**Q** 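Starting off with a structure, shown below.
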There are 2 protein chains.
Amino acid sequence: MARDDDAGQGRSLADAPQVVLNGGLRCASCPLADCEGLKQPAPELLQWISAFRQGEARFLRGDLVFSQGTRPRHLYTILSGVLMRTRLLEDGRRQIINFMFPGDFIGLQAALDGEMTHTVEALTGAVLCMFNRERFFDLAAQQPQLSFDLTWMAAHEEAALEEHIVSLGQRNARERMTALAVFLVQRGMESGVASDGLLPLTVTQGQIADMLGLSLVHTNRTIQALRRMGLVDWTLTGIRVPDLEAARSFAKIDQSPNSLRPYI
Amino acid sequence: MARDDDAGQGRSLADAPQVVLNGGLRCASCPLADCEGLKQPAPELLQWISAFRQGEARFLRGDLVFSQGTRPRHLYTILSGVLMRTRLLEDGRRQIINFMFPGDFIGLQAALDGEMTHTVEALTGAVLCMFNRERFFDLAAQQPQLSFDLTWMAAHEEAALEEHIVSLGQRNARERMTALAVFLVQRGMESGVASDGLLPLTVTQGQIADMLGLSLVHTNRTIQALRRMGLVDWTLTGIRVPDLEAARSFAKIDQSPNSLRPYI
DNA sequence: CGTCTTTTTGAACGTTCTCAAGGGATGTGG
DNA sequence: CCACATCCCTTGAGAACGTTCAAAAAGACG
């Protein structure tokens, strides 16, 4: 309802991202190792991962990591940066499905099915850890803990989408936007990207509109309303939620007890 | 927006469902073995499953299999029947997340996290195959194929929710309802529950409203509109979509190539 | 036959959308 | 340094879609 075009301001898939074959950071110095919100892999699993990883890929804001309908050759773990998953209807309407933070695994669905049902676009500069898609599951079969973690991640992504469905189905514009802001800030804090109720992240109002299923105009008015109410201050440069508890109660979010998130 | 109460017309969780310990059908005569839409487990996996299963549980329409906020002791595979997953907000608003058909696995998220984030309710009489939650993952670790199937199922459920998010975010009432009808009929045909564009299934308009995030009144008017248009004929006793292709094109659904669904 | 649930209808109201236009910031080329 | 283009945000006003309240009709069930 909001989008005219937009997607693809950055380099498209055709322009290869900057790839560093195994020369980049090794797992021993993985930036995710310091992240508090993450469950660190056991030494032997780490070793396996280390042997399997192919290198890193760097993307700029606006770059597409995957494109809906294509068959990707790689799987990725986000080392740094924030990305989003979007889905296009034939007539150009666009829906943002979810956002992805450091530690998240990208491409699981494609790895199983072959063809992407959505597009993944970088919202900030991003560094991803590359894996080969072909051999992934054969090798995963030898690592029960890894299979378990994969299942865990898929199940939790599902839970996040559930929450999102509740938002779209039952909440009005203000509640919806508040719920999204709280979700993002919280998720950012778990990933060490946000702190103190502030997540520095460039999201345009057009993108917010596509995430919430609202028109651009109404999105703008809702942002202003929440700002006046002191609940959420969302600007081009970041999201601030001064009182998370107040925001949660306003949007009727029930705080889910979050266990430690594994990563690969 | 629609619900007053409703949930729990049947027996609640307190009233135990009818449970048949291993006396019921054995895997050798599993009703799912004949289902065309399902990928049959390999013999050795089947044997493992057979040893692990605890029996069957039978539920009536309206019975709750799981209740939001509780810690279930069992996991289930649906042998027959149709169920739905719903989520309640504090203030009583309810959102139906998805429907579940024979072959679907129930309780994965709870198995990982302990606490249910949603309720599962039987829409028809249902027979479920019971597994013990505690030992499930220990044993699954010994069956790589099983781990893979679990990941597959979680990833695909995620894809279904994605589609649902697109509906809620981007489609208007008519498109939304058409998309849901097509999804259900198609899913029913894969499970052998529906045929010829007709799915016999008792869903009240109140439930449809909660699934689509619409008010009861508007749901009713939308049903009538779609009936007049000859696209979807949805009554208390079933859903009929005379021309699936026309309906798909109206709702802008891109036919996803569906691979065979595994089950446990 | 009476009760309960579900569907249907009317009418007023409110949220959200669309159309239309203007303004601020940033960047590029002349 | 200015002119122009682009992107994003902002505002106004009317229309459309969807909600709420209220009540009645139609089925389902014992």
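What you see is a predicted model, and the numbers here were worked out from it, not measured in a lab. The figures that follow rest on heavy atoms only: side chains count, while hydrogens, waters and symmetry mates do not. So that the names make sense, note that chain A is the first sequence line, chain B the second, and so on, each numbered from 1.
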**Q** Between R174(B) (CZ) and dA16(D) (P), how many Å, whole number?
**A**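 R174(B) atom CZ is separated from dA16(D) atom P by 14 Å.
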**Q** Below 3.5 Å, can you tabulate the donor-acceptor pairs from side chains in residues 224-232 of chain B to any protein atom, sequence neighbours excluded?
**A**
residue	atom	partner	partner atom	Å
Q224(B)	NE2	N220(B)	OD1	2.4
R227(B)	NE	D233(B)	OD1	2.8
R227(B)	NH2	W234(B)	O	2.8

**Q** Output side-chain donor-acceptor pairs under 3.5 Å for residues 191-202 of chain B, partner residues at least two apart or in another chain, one line each.
**A**
residue	atom	partner	partner atom	Å
S191(B)	OG	R187(B)	O	3.2
S191(B)	OG	R187(B)	NH1	3.0

**Q** Phosphate oxygens OP1/OP2 of dT8(C): is one of them under 4.0 Å from a side-chain N or O of N220(B)?
**A**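 Yes.
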**Q** Expressed as a whole number of angstroms, how long is the span from I223(A):CD1 to dT16(C):C1'?
**A**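 Roughly 15 Å, once rounded to whole Å.
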**Q** Can you tell me how far apart CD (E115(A)) and CD (Q68(A)) are? Round to the nearest 0.5 Å.
**A**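 It is 9.0 Å, given to the nearest 0.5 Å.
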**Q** Taking only side-chain N and O atoms of Q205(B), does any of them lie within less than 4.0 angstrom of OP1 or OP2 on dT8(C)?
**A**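 For dT8(C), OP1 or OP2 has a side-chain N or O of Q205(B) closer than 4.0 Å.
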**Q** Only counting residues at least two apart or in another chain, list the ones meeting salt bridge (charged side-chain N to carboxylate O under 4.0 Å, His left out) with E245(A).
**A**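 Scan of E245(A) (salt bridge (charged side-chain N to carboxylate O under 4.0 Å, His left out), adjacent residues dropped) gives R248(A).
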**Q** Let's see if you can work this out: which of dT11(D), dT16(C), dT9(C) has an atom nearest to the side-chain heavy atoms of N172(A)?
**A**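 Minimum distance to the N172(A) side chain belongs to dT16(C).
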**Q** For R176(A) and dT15(C), what is the distance between atoms CZ and C1' respectively, to the nearest whole Å?
**A**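 It is 11 Å, rounded to the nearest whole Å.
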**Q** Which pairs with one or both residues in residues 162-220 of chain A pass ring-ring contact (aromatic ring centres under 6.0 Å, His included), sequence neighbours excluded?
**A**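 Listed once each, the pairs would be none.
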**Q** Rounding to a whole Å, what distance do you find between Q170(B):CD and dC17(D):P?
**A**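 Atom CD in Q170(B) sits about 16 Å away from atom P in dC17(D).
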**Q** Taking five pairs at each end, how big is the angle between the two axes of the helix from dC1(C)-dG30(D) to dG22(C)-dC9(D), to 10°?
**A**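 Helix axis angle between the two ends: 50°.
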**Q** Could you pull out the closest heavy-atom pair between G188(A) and F101(A), with the gap in Å?
**A**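 Between these two residues, the closest heavy atoms are CA-CE2, 3.8 Å.
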**Q** Would you kindly give the CG-to-C1' distance between L216(A) and dC8(D), to the nearest whole Å?
**A**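 The distance from CG of L216(A) to C1' of dC8(D) comes to 9 Å, rounded to the nearest Å.
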**Q** In whole angstrom, give the distance that lies between atom NE2 of H218(B) and atom P of dT7(C).
**A**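 About 16 Å, once rounded to whole Å.
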**Q** Just to verify, what does H74(B) make a ring pair (Phe, Tyr, Trp, His ring centres under 6.0 Å) with, not counting sequence neighbours?
**A**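 Listed in chain order: nothing, the list is empty.
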**Q** Check every atom of dT19(D), dG10(C), dT8(C) against the side chain of L214(B) and return the nucleotide holding the closest atom.
**A**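 Minimum distance to the L214(B) side chain belongs to dT19(D).
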**Q** Below 3.5 Å between N/O atoms, which protein atoms pair up with nucleotides 21-30 of chain D? Just atom names and distances, please.
**A**
none

**Q** Can you list the residues that meet the ring pair (Phe, Tyr, Trp, His ring centres under 6.0 Å) rule with F105(B), with sequence neighbours excluded?
**A**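 With sequence neighbours excluded, F105(B) shows a ring pair (Phe, Tyr, Trp, His ring centres under 6.0 Å) to F136(B), given in chain and number order.
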**Q** Counting only side-chain nitrogens and oxygens, does Q224(A) get under 4.0 Å of the OP1 or OP2 atom of dT11(D)?
**A**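 Answer is yes, contact under 4.0 Å.
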**Q** Apply side-chain contact (heavy atoms from CB on, under 4.5 Å) to A159(A) and list each qualifying residue two or more places apart in sequence or on a separate chain.
**A**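 In terms of side-chain contact (heavy atoms from CB on, under 4.5 Å), with neighbours along the sequence ignored, A159(A) is linked to no residue.
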**Q** What is the distance, rounded to the nearest whole Å, between atom CD of Q207(B) and atom C1' of dT6(C)?
**A**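 Atom CD in Q207(B) sits about 11 Å away from atom C1' in dT6(C).
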**Q** How many whole angstroms separate atom CZ of R221(B) from atom C1' of dA12(C)?
**A**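 Value for this atom pair: 12 Å.
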